[in-house]
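Taking it in order: structure first as structure tokens, then the write-up.
Basis for what follows: all heavy atoms, side chains included, without hydrogens, waters or symmetry-related copies. Heads up: numbering here begins at 1 and tracks the sequence.
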Amino acid sequence: MAEWDAEREVTPELALDLVREQFPGIGRTIAPFGFGWDNTAFLVDGDIVFRFPRREIAVPLIEREARLLPRIAPRLPLPIPCPAWIGAPSERFPWPFAGYRILPGRLAFGLADDERRAAARPLAELLRALHGIPTHGLDLPGDEWERTDFARRMPELVERLGGLEAAGVIDDARPWLRLFEAGDFPAPATHRVLVHGDLAERHILVDGANGVCGVIDWGDVHEGDAALDLTILYSFLPPSTRDEFLRVYGDVDARTLRTARLRAAFASTSSTYYAWSIGDLEWVPIGLAAMKLVLEE
């Protein structure tokens, strides 16, 4: 069983029943809205997104989103989801679930280089604001999954790169492995901030003109290393925009930048491997493009 396999499947019929039972007055229609490692999403009544955990490990993540996002949303320059319907566990579904008004926009897939360059400023402004929010009183965990412990994660990286190479998705795993081969992994961050934790193009929304208009999927939010969010410097934004991004965001030391690049390599590889493993042929080239971007200086 792969780590992203669902422990509990939620069908549209079950989801609609659960919504109707707990929230009278809504639940006229339902349609699948996608799924990821942690949640299955449905669009209810055309404008409410309900997310249901697929794995027990995702339960505290959805609870954290429901508690935290309404508190930080007013302090951010871009819209984020604000859960307003919090479903309680029941005999039919043992975990909580949550709904929020859908944010306008589409996922930031397939943007041209000039559109990505234009995204640098709004994303830098978002992260400057997010990382500047005091964490005292927010009751946040630290990095429970040790996302920047690269010595620990190397076996996973080697396995996933090997799988992609064997499948012909990449020709040669060595360019990515060379990023890690020196073994001089950055020390843990001495200063922790409020981070999204999984910022990537699949969680960035753009409007009809392909301008950034929102950020979704905050299940990984925690108090951690700013480098986790700065991965977009290496997996989403063209290299020519890095200086502009940092002028808006602020000073970043060499340790944080190296950590961001290594994390971008790991995350983009894992995303591509996941897409290939589940047969998502649309997502594979998107992940592969992010992997290749990491290699660019």
Contact between [X] and [Y] at the side-chain level, heavy atoms closer than 4.5 Å - yes or no?
X: Asp251; Y: Leu246; result: no
X: Arg174; Y: Glu181; result: no
X: Glu156; Y: Phe266; result: yes
X: Thr272; Y: Ile170; result: no

Say whether [X] and [Y], considering side chains only, have a donor N or O and an acceptor N or O under 3.5 Å apart.
X: Arg160; Y: Thr269; result: no
X: Arg255; Y: Thr259; result: yes
X: Arg116; Y: Asn210; result: no

Sidechain-backbone polar pair: Arg64 side chain, Val221 backbone, donor-acceptor under 3.5 Å: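 Pair found, side chain donor or acceptor close to backbone of Val221.
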
Any donor-acceptor N/O pair, Arg261 side chain to Val294 backbone, under 3.5 Å: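 Such a contact is found between Arg261 side chain and Val294 backbone.
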
Could you check whether atom [atom1] of [X] has more than 12 heavy atoms from other residues, nucleotides or ligands sitting under 6.0 Å from it?
X: Glu56; atom1: CD; answer: no
X: Asp114; atom1: CG; answer: yes
X: Arg67; atom1: CZ; answer: yes

Quick check, are the ring centers of [X] and [Y] under 6.0 angstrom apart?
X: Trp95; Y: Phe97; value: no
X: Tyr100; Y: Trp85; value: no
X: Tyr274; Y: Trp283; value: yes
X: Phe52; Y: Phe93; value: yes

Worked check of side-chain hydrogen bond (donor to acceptor under 3.5 Å, both in side chains) between Asp220 and His196: CA-CA 6 Å; Asp220 288 292; His196 178 282; over 6 Å; no

Parallel, tilted or perpendicular, as decided by the 30° and 60° cut-offs, for the rings of Phe50 and Phe23: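 Phe23 and Phe50: tilted rings.
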
From CA spacing to verdict: side chain to side chain contact (heavy atoms under 4.5 Å, CB included), Ile102, Phe33: CA-CA 11 Å; Ile102 189 172; Phe33 199 64; 3.5 Å; yes

Test side chain to side chain donor-acceptor pair (under 3.5 Å) applied to Asp113 - qualifying residues, sequence neighbours left out: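 If we apply the side chain to side chain donor-acceptor pair (under 3.5 Å) test to Asp113, skipping adjacent residues, there are no hits.
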
Check ion pair Arg117-Glu244 (N to O, under 4.0 angstrom):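 The answer is no: the pair does not qualify as a salt bridge.
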
